[in-house]
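A note on names: the letters A, B, ... follow the listed sequences, proteins ahead of strands, and every chain is numbered from 1.
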There are 2 protein chains.
Amino acid sequence: MDPSSAPMRPREPRRGRRTAVTLSDVAAAAGVSPITVSRALNAPETVSEGLRGRVNATVEALGYVPNRMAGALASAKTRVIPVIVPSLSNVVFVEVIEGIQETIEAAGYQMLLGSTDYDLDREAALASTLLGWAPPGVLLAGLRHLPRTATLLKNADVPVVEFMEYGARCIDMNVGLSHVRAGAVMAAHLLDRGYRRVGFVGTRMRDDYRARQRYDGMRRHIAEAGGASDVLFEYPSGLGQAVGWHALTDVLAADPQVDALFFANDEMAVGAVLRAQRDGIAVPGRVAIAGFNGLPMSALVTPALTTIISPRKEIGRQAATMLLSRINGTPLAQRRIDVGFVLEPRSST
Amino acid sequence: MDPSSAPMRPREPRRGRRTAVTLSDVAAAAGVSPITVSRALNAPETVSEGLRGRVNATVEALGYVPNRMAGALASAKTRVIPVIVPSLSNVVFVEVIEGIQETIEAAGYQMLLGSTDYDLDREAALASTLLGWAPPGVLLAGLRHLPRTATLLKNADVPVVEFMEYGARCIDMNVGLSHVRAGAVMAAHLLDRGYRRVGFVGTRMRDDYRARQRYDGMRRHIAEAGGASDVLFEYPSGLGQAVGWHALTDVLAADPQVDALFFANDEMAVGAVLRAQRDGIAVPGRVAIAGFNGLPMSALVTPALTTIISPRKEIGRQAATMLLSRINGTPLAQRRIDVGFVLEPRSST
DNA sequence: TCAGATTTTGGTTGCGCTACCAAAGTTCCC
DNA sequence: GGGAACTTTGGTAGCGCAACCAAAATCTGA
């Protein structure tokens, strides 16, 4: 009766683990085959109403939770989308993530979040680990990566959306705005208002190269316009209001000619405004202050902060939407989207 | 030769998918058995140096990325930890998440993030879905859940840490602080400074029940102390500075007796301070303002904001550490940790 | 009424990996 | 020198599910 070449005795159910209810348990309890349970859950319309009801009731009764790993392995499909960002400390990324989250969750996907702390090696490592989840797509902040990260993602043959900045060379798809252009627009605004020595205040600008791009855009515009000059103030760390708070007096002491300051972001700029207020430094009388991002608080300080509003949540939504389209095989009108930005001139300049 | 009951012809390699390099590919290329490759990657010390080198080189050369799903399925172990929070819009949760992230990543785990938007039904659904990943543990914000969520988690038989508030009844483990006590401490401070009619300003306090707990603590303390009264101002939505900004004048108009305001959080309180500043309302002369959380910006406004500093990142770290201990089977000194808080009296009161 | 089309259900196999066991190779010490 | 103890490698099976194909049940229409 038994196969000729099977000297091996039947073993106990292998490891002593997994007390959890499985699909087969449900099937047995409901008196149907496992595959019918699978279908009742994943493609309800292909199962008759009676059975479907019976299966659902049994699922409920046993507290069955499908094992995603098994499903994913069998179908070679996961509903997890890795999202890689440089940092969570920066509100901006959080808002983008919210946009992503709401979009992909509505489509039944889950987010696997990784943060690189602005370290490209960590980014490569994260990308590699996360690809191990055989995701249907990847969302990645920024356009600058190590060559091996790009290779990895290209070889993985999954749709990839790089978000935050808009640029010509992307791995696959791209959603963002031009930071160089944003810098130029702010420079134009400041020159227009008559300021002649414009400082840019940033931190960790090798890592935060988008801030550097804004500076580059500003610098080039000022150089081309003539009649004004720029100066860069770079701090080694931090990105919050405390930096702006300290930078303001530092900078004015170091370079008294400065009559306008463009901060790398609104948080820093708000810090500077608060400091000016406390110390009685006239804004924009002594120095004009501008920020970037358009955080709600920029409108609440006195004087209200001139800033550039970036559509952060929209970036997240668009990136996710684009990715989902590609996952679903919908043809895309375009692989790159420039979401733009809006200069919001207020009383601080 | 063939088994008697197998009329089925051998098929093509099934689905046309998965061009990816597998462990067997690496094994073949390196001239070792698959299991050796597995060991070289997961338990390097059990493989001789020579083979290990050869395997690693082959992995590198072929660009092999292990399929986590298969590994997880085979070993019944995932290195993914679900983290469920009510919202990402609130900085507080983000900071807790950062603490969690840095701790679990250092231990080789990844975070699966879900946000409930303060909806307990969504929370239950999320918990169920996330349990499908057969995680080694779960991190969950708050102590209040639907009965079915608690049942689900208890039945899943995985360690669970509930974080944010500290309380007596938890599913498994708990890290947080007592919000009732925080409210009482702030009330004591305000009465101490001589204020006699204290308003509490919050939003969505059915959902944000931790804010409600702070109010309850405050209210009870004021009632017990005698000689002073409290009043609650609740707004339907929002949680940012804009709410505080608008609330300040609303509240003073609605109840001119109010001489102190305790806001549900620092963001709102800062909004109020900024408004007071713009409109020339004396703080604390006309009205004292206090916040909760101890965000950095609370120290930068003028007047500096009295607040209660909550150890947010620490909560994340402790919660993660606790969970990891249990995952690793390390016995725990205690199942509940009160991380406490610090009253920071500043010039706004 | 019955062949053919359609819907609904079930069997078998394998996704890629690791647990378990066994075998081969090494080292050690009396 | 030989056996015990240890280290290193390999074979086999199966984790829980869905794809694929086939079979059964039901519905058409002439």
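- Between dG16(C), dT18(C), dA19(D), one nucleotide has an atom nearer to the side chain of Leu73(A) than all others, and that is dG16(C).
- Of the candidates dC20(D), dT9(D), dC17(D), the closest approach to any side-chain atom of Thr36(B) belongs to dT9(D).
- Side-chain contact check for Leu153(B) versus Leu140(B): some heavy-atom pair is nearer than 4.5 Å.
- Backbone-only engagement by Pro66(B) is indicated by non-hydrogen atom pairs under 4.0 Å involving sugar-phosphate atoms exclusively.
- Side chains of Asn67(A) and Thr22(A) form no contact here, defined as non-hydrogen atoms less than 4.5 Å apart.
- Of the listed nucleotides (dG10(D), dA19(C), dC17(C)), dA19(C) has the atom at the smallest distance from the side chain of Lys77(B).
- Looking at heavy atoms from C-beta onward, Leu332(A) lies in side-chain contact with Met173(A) at the 4.5 angstrom threshold.
- The shortest distance between the side-chain N/O atoms of Ser75(A) and the OP1/OP2 oxygens of dA18(D) is not below 4.0 Å.
- Considering all non-hydrogen atoms of both residues, Leu146(B) and Leu120(B) come closest at CD1-O, 3.6 Å.
- Separating the CE atom of Met69(A) from the P atom of dA18(D) is a distance of 13 Å, rounded to the nearest angstrom.
- Regarding Arg52(A), its CZ atom lies at a distance of 14 Å from the P atom of dT7(C), rounded to whole Å.
- Of the listed nucleotides (dG16(D), dA19(C), dC17(C)), dC17(C) has the atom at the smallest distance from the side chain of Ala70(B).
- Listed candidates were dA18(D), dT8(C), dC20(C). Nearest to the side chain of Ser48(A) is dT8(C).
- Atom CD of Glu49(A) and atom P of dT7(C) are 16 Å apart (whole Å).
- Among dG16(D), dG11(D), dG10(C), the nucleotide with an atom closest to any side-chain atom of Arg39(A) is dG10(C).
- Side-chain N/O atoms of Ser38(A) include none lying less than 4.0 angstrom from OP1 or OP2 on dC17(D).
- One side chain, Glu165(B) or Tyr209(B), offers a donor N or O that lies under 3.5 Å from an acceptor on the other.
- In this model, the phosphate group of dC15(C) is not approached by any side-chain N or O of Asn67(B) to a distance below 4.0 Å at OP1 or OP2.
- Protein atom CG of Leu41(B) is 8 Å distant from nucleotide atom P of dT18(C), rounded to whole Å.
- Listed nucleotides dG16(D), dT9(D), dT18(C) differ in distance to Ala74(A); the shortest reach to its side chain belongs to dG16(D).
- Residue Leu23(A) is classed as a sugar-phosphate contact, given heavy-atom separations below 4.0 Å to backbone atoms only.
- The side chain of Leu51(A) approaches dT9(C) more closely than any other nucleotide in the set dT9(C), dG16(C), dA18(D).
- Relative to the side chain of Thr22(A), the nucleotides dG16(D), dT9(D), dG11(C) differ in distance, and dG16(D) lies closest.
- Evaluation of atom-type donor-acceptor distances gives no pair under 3.5 Å for the side chain of Arg68(A) against the base of dG16(D).
- The CG atom of Asp25(B) sits 9 Å away from the P atom of dG16(C) (whole-angstrom rounding).
- Atom CD1 in Ile35(B) sits about 13 Å away from atom P in dT12(D), given to the nearest Å.
- Atoms CZ (Arg54(A)) and P (dT8(C)) sit 15 Å apart, rounded to a whole Å.
- Of all heavy-atom pairs between Pro136(B) and Ile81(B), the closest is CG-CG1, 4.3 Å.
- Nearest to the side-chain atoms of Tyr64(B) among the listed nucleotides dG10(C), dC17(C), dT18(C) stands dC17(C).
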